[in-house]
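Note that the structure is a prediction, hence the values are computed from the model and not measured.
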Amino acid sequence: MRPFRSALATAATLCAVATGVVIAQPPQPAAASAADCEGGAHNFRDHPDDAEGDTVKPRRFDVGNVHFTLEKGAYVGQQIAFGKISGQTRPGDNVWMDWRANGWDNAGAVSPWLQCGPFTVRTAGQSLTTPFKRTSTDPQYQFRVCGSLISDGVVRCSDWW
């Protein structure tokens with residue numbers, strides 16, 4: 001029975017890696033909340049929940065008919081990123097964006113990263129975004145979108161971008 005369980009776990013891990021979606025309970029940053037990025041906190045900026053990034057979505061995963069996207073766009077000449085949940089959402093579904101800046105912007109980061117959210121869907125079919133933050137070409141400055149559905153409570157995150 002033990003070799004079967006081991007093989008099953010390996011197959012499940014390979015499937016998750018192949019789709020670019022991490023299904024796990026990742027280590028949580030200390031005291032994560034929406035307040036960590038609302039109202040200009042940690043240099044995030046608020047914007048409308050119906051905001052759209054450009055047509056290139058750096059990261060995306062779907063859970064049924066609910067879509068989680070890491071969006072990118074531009075604000076006053078700088079590239080930005082934000083998380084979004086859309087599709088057939090239900091009240092209680094959550095979205096957040098994780099940000100880490102290892103090595104050069106740690107004054108604004110929370111170790112191991114800052115969790116911007118969660119933000120909770122209030123009405124069926126509602127699209128919801130996180131506040132946005134300026135991006136960088138530095139490979140140590142990264143974002144990912146995460147979320148959970150009220151129906152199963154499983155935390156899912158995209159790969160880092």
Open item on the list: What verdict does the side-chain contact (heavy atoms from CB on, under 4.5 Å) test give for E52 and K84, after you've listed the backbone C-alpha separation in whole Å, the side-chain angles of each residue and the deciding distance to 0.1 Å?
Closed with: CA-CA 9 Å; E52 293 278 337; K84 184 172 186 175; 2.8 Å; yes

Open item on the list: To the closest 0.5 Å, what do you measure between CD1 (I85) and OG1 (T130)?
Closed with: 11.5 Å

Task: Joint hydrophobic cluster, V121 plus F119, side-chain heavy atoms closer than 4.5 Å - done: yes

Task: 4.5 Å side-chain heavy-atom contact, L70 and M97 - done: yes

- [ ] State whether R59 and D159 are salt-bridged, where the test is any N-O pair (Lys NZ or Arg NE/NH1/NH2 against Asp/Glu carboxylate O) under 4.0 Å.
- [x] no

Open item on the list: Is there a path of hydrophobic side-chain contacts, each under 4.5 Å between heavy atoms of I/L/V/M/F/W/Y residues, joining V56 to I80?
Closed with: no

Open item on the list: Tell me if a side-chain donor or acceptor on D46 pairs with a main-chain N or O of G39 at a distance below 3.5 Å.
Closed with: yes

TODO: Report yes or no: do S127 and D49 form a side-chain donor-acceptor pair below 3.5 Å?
DONE: no

TODO: Taking K57 for its side chain and K72 for its backbone only, find out whether a donor-acceptor pair lies under 3.5 Å.
DONE: no

Task: N-O pairing of R60 and D62 below 4.0 Å - done: yes

Task: Geometric class of the W161/F143 ring pair [parallel <30°, tilted 30-60°, perpendicular >60°] - done: tilted

Open item on the list: Quick one: does any side-chain atom of Y141 pair with a main-chain N or O of R134 as donor and acceptor, under 3.5 Å?
Closed with: yes

- [ ] Quick one: sort the W99 and F44 rings into parallel, tilted or perpendicular, breaks at 30° and 60°.
- [x] perpendicular

TODO: Show your working on side-chain contact (heavy atoms from CB on, under 4.5 Å) between C146 and W96 and close with a plain yes or no.
DONE: CA-CA 5 Å; C146 298; W96 61 92; 3.1 Å; yes

Task: Which atom of E71 lies closest to which atom of T69, heavy atoms considered - done: OE2-OG1, 2.7 Å

- [ ] Keeping the roles fixed (side chain from H47, backbone from T129), state whether a donor-acceptor pair exists under 3.5 Å.
- [x] no

Task: Heavy-atom donor-acceptor pair, T120 side chain to G92 backbone, under 3.5 Å - done: no

Open item on the list: Side chains of S158 and R144, heavy atoms from C-beta outward: is any pair under 4.5 Å?
Closed with: yes

Open item on the list: Between Q79 and T135, is there a side-chain donor-acceptor contact under 3.5 Å, judged purely by atom types and distance?
Closed with: yes

Task: Expected output: side-chain T89 to main-chain Q126 donor-acceptor under 3.5 Å - done: yes

Task: Single-linkage hydrophobic cluster I150~V63, side-chain heavy atoms < 4.5 angstrom - done: no

TODO: Show your working on side-chain contact (heavy atoms from CB on, under 4.5 Å) between L149 and F68 and close with a plain yes or no.
DONE: CA-CA 11 Å; L149 301 181; F68 295 88; 3.9 Å; yes

Open item on the list: Main chain of Q140, side chain of D138: is a donor-acceptor contact present, judged purely on distance under 3.5 Å?
Closed with: yes

